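As structure tokens, the structure follows; a few thoughts come after it.
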Amino acid sequence: MKEKGSTKSNVPAAEGCPAPWRPPKVGWRMIKTMLAATLIALVYSFWGRNPCFACIGAVFGMGNVLAGGLKSGGNRFIGTIMGGVIALLFYPMYHYELWGIPSWIYLSVGLLILLYIGELLGAIGGIQPGAVVFYVVILTVPEATYIEYTLNRMLDTGIGVVVALGLDRLLPSPKEEAPVPLFGRGDADSEQGEE
């Protein structure tokens, strides 16, 4: 039984009373994410290539834990491939309005196919990055470079994810759990497994 007037308690702070703010710690995962992106930027500087998408792939590939990195990195890579392939197919249709079909219909159908394939593969987390690649290629990349640009985005994202996952495996944290599949439905999988 607790003594009257005691200030120590195992009870959480009362509702409406926020806990004192503490700055986050710079943890091992932050360091590994920074190392992966920096390593990629350094290697790309020797190649004379822009490291933007590879660095983004590295951040997604590292995730917040190894299992999260496998899932988010895998989804990012699968999404980039899906969006890139669909953009390559739909680019000429959109820009030339093939068969007299208005360009906005190609945007709609391309997105619908991306959504369907993401669902079919169980790569729901890949839909958003796939849509980014799809729209960026179709709506912003000049015709003369769209094929090369798209293939480079797919390659760069894959390199970033692989480097991050490799570094994460080489420098594991003692708190991490066993790896999970490369792609899946995100949080829904872990919630179902806990039932």
Side-chain angles (χ1 to χ4, degrees), residues 29 33 36-37 40-41 44 49-166 168 179-192:
R29 184 142 308 272
T33 303
I40 287 167
Y44 269 57
R49 286 176 64 99
N50 184 326
C52 176
F53 285 90
C55 289
I56 292 168
V59 173
F60 272 88
M62 194 60 72
N64 59 352
V65 293
L66 179 59
L70 286 168
K71 189 169 282 188
S72 69
N75 278 328
R76 172 78 185 185
F77 183 62
I78 294 295
T80 299
I81 298 296
M82 290 187 314
V85 169
I86 294 168
L88 287 172
L89 296 172
F90 276 77
Y91 192 95
M93 294 180 218
Y94 173 81
H95 286 277
Y96 295 108
E97 294 188 342
L98 294 181
W99 305 292
I101 298 171
S103 58
W104 65 268
I105 291 178
Y106 288 117
L107 284 181
S108 300
V109 172
L111 179 62
L112 181 62
I113 290 171
L114 176 72
L115 295 166
Y116 183 79
I117 291 173
E119 182 74 36
L120 182 68
L121 295 176
I124 303 303
I127 291 172
Q128 290 172 327
V132 169
V133 172
F134 174 72
Y135 286 126
V136 165
V137 169
I138 286 187
L139 299 175
T140 69
V141 178
E143 182 179 1
T145 60
Y146 86 94
I147 294 173
E148 178 185 1
Y149 177 89
T150 306
L151 295 175
N152 280 324
R153 294 306 64 83
M154 291 189 273
L155 174 67
D156 292 340
T157 299
I159 288 171
V161 169
V162 167
V163 168
L165 292 174
D168 205 22
V180 296
L182 282 179
F183 55 90
R185 297 184 177 268
D187 295 333
D189 287 344
S190 59
E191 287 173 7
Q192 289 175 353

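In this text, all values refer to a predicted model and were calculated from it rather than measured experimentally. Here, residue 1 is the first one in the sequence, and each next residue gets the next number.
With sequence neighbours excluded, the residues satisfying side chain to side chain contact (heavy atoms under 4.5 Å, CB included) with Val109 are Phe90, Ile105, Ile113.
Here the side chain of Glu97 pairs no donor or acceptor atom with the backbone of Pro102 at under 3.5 angstrom.
Separating the CD1 atom in Ile138 from the CG atom in Leu89 is a distance of 9.5 Å, to the nearest 0.5 Å. One finds the CG atom of Leu139 at 5.5 Å from the CG atom of Leu107 (value rounded to the nearest 0.5 Å). Separating the CG atom in Asn50 from the CG atom in Asn152 is a distance of 10.0 Å, to the nearest 0.5 Å. Taken to the nearest 0.5 Å, the CD1 atom of Ile117 stands 12.0 Å off from the CD1 atom of Ile81.
Heavy atoms only, all atoms of each residue included: Ala36 and Ala58 are closest at CB-CB, 4.2 Å. Annotation for Ile86 and Gly110: closest pair CG2-O, 3.7 Å, computed over non-hydrogen atoms. A pairwise comparison of heavy atoms in Met154 and Phe77 identifies O-CE1, 3.6 Å as the closest pair. Of all non-hydrogen atoms in Gly118 and Ile127, the two that sit nearest each other are CA-CG1, 4.0 Å. Across all their heavy atoms, Gly57 and Val161 have their closest contact at O-CG2, 3.4 Å. Closest heavy-atom contact between Leu114 and Gly83: CD1-N, 3.8 Å.
By the 4.5 Å heavy-atom criterion applied to side chains, Leu88 and Leu151 are counted as neighbours. Side-chain contact check for Met82 versus Leu121: some heavy-atom pair is nearer than 4.5 Å. At a threshold of 4.5 Å between non-hydrogen side-chain atoms, the residues Phe53 and Thr80 do not count as touching. Side-chain contact between Thr157 and Ile56: absent, with no pair of heavy atoms (C-beta onward) separated by less than 4.5 Å.
Each of Tyr96, Phe134, Tyr146, Tyr106 was scored for a ring pair (Phe, Tyr, Trp, His ring centres under 6.0 Å) with Tyr91, with one residue passing: Tyr146.
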TODO: Under the side chain to side chain contact (heavy atoms under 4.5 Å, CB included) rule, what do Arg49 and Leu155 come out as? Steps first, then yes or no, please.
DONE: CA-CA 12 Å; Arg49 286 176 64 99; Leu155 174 67; 4.1 Å; yes

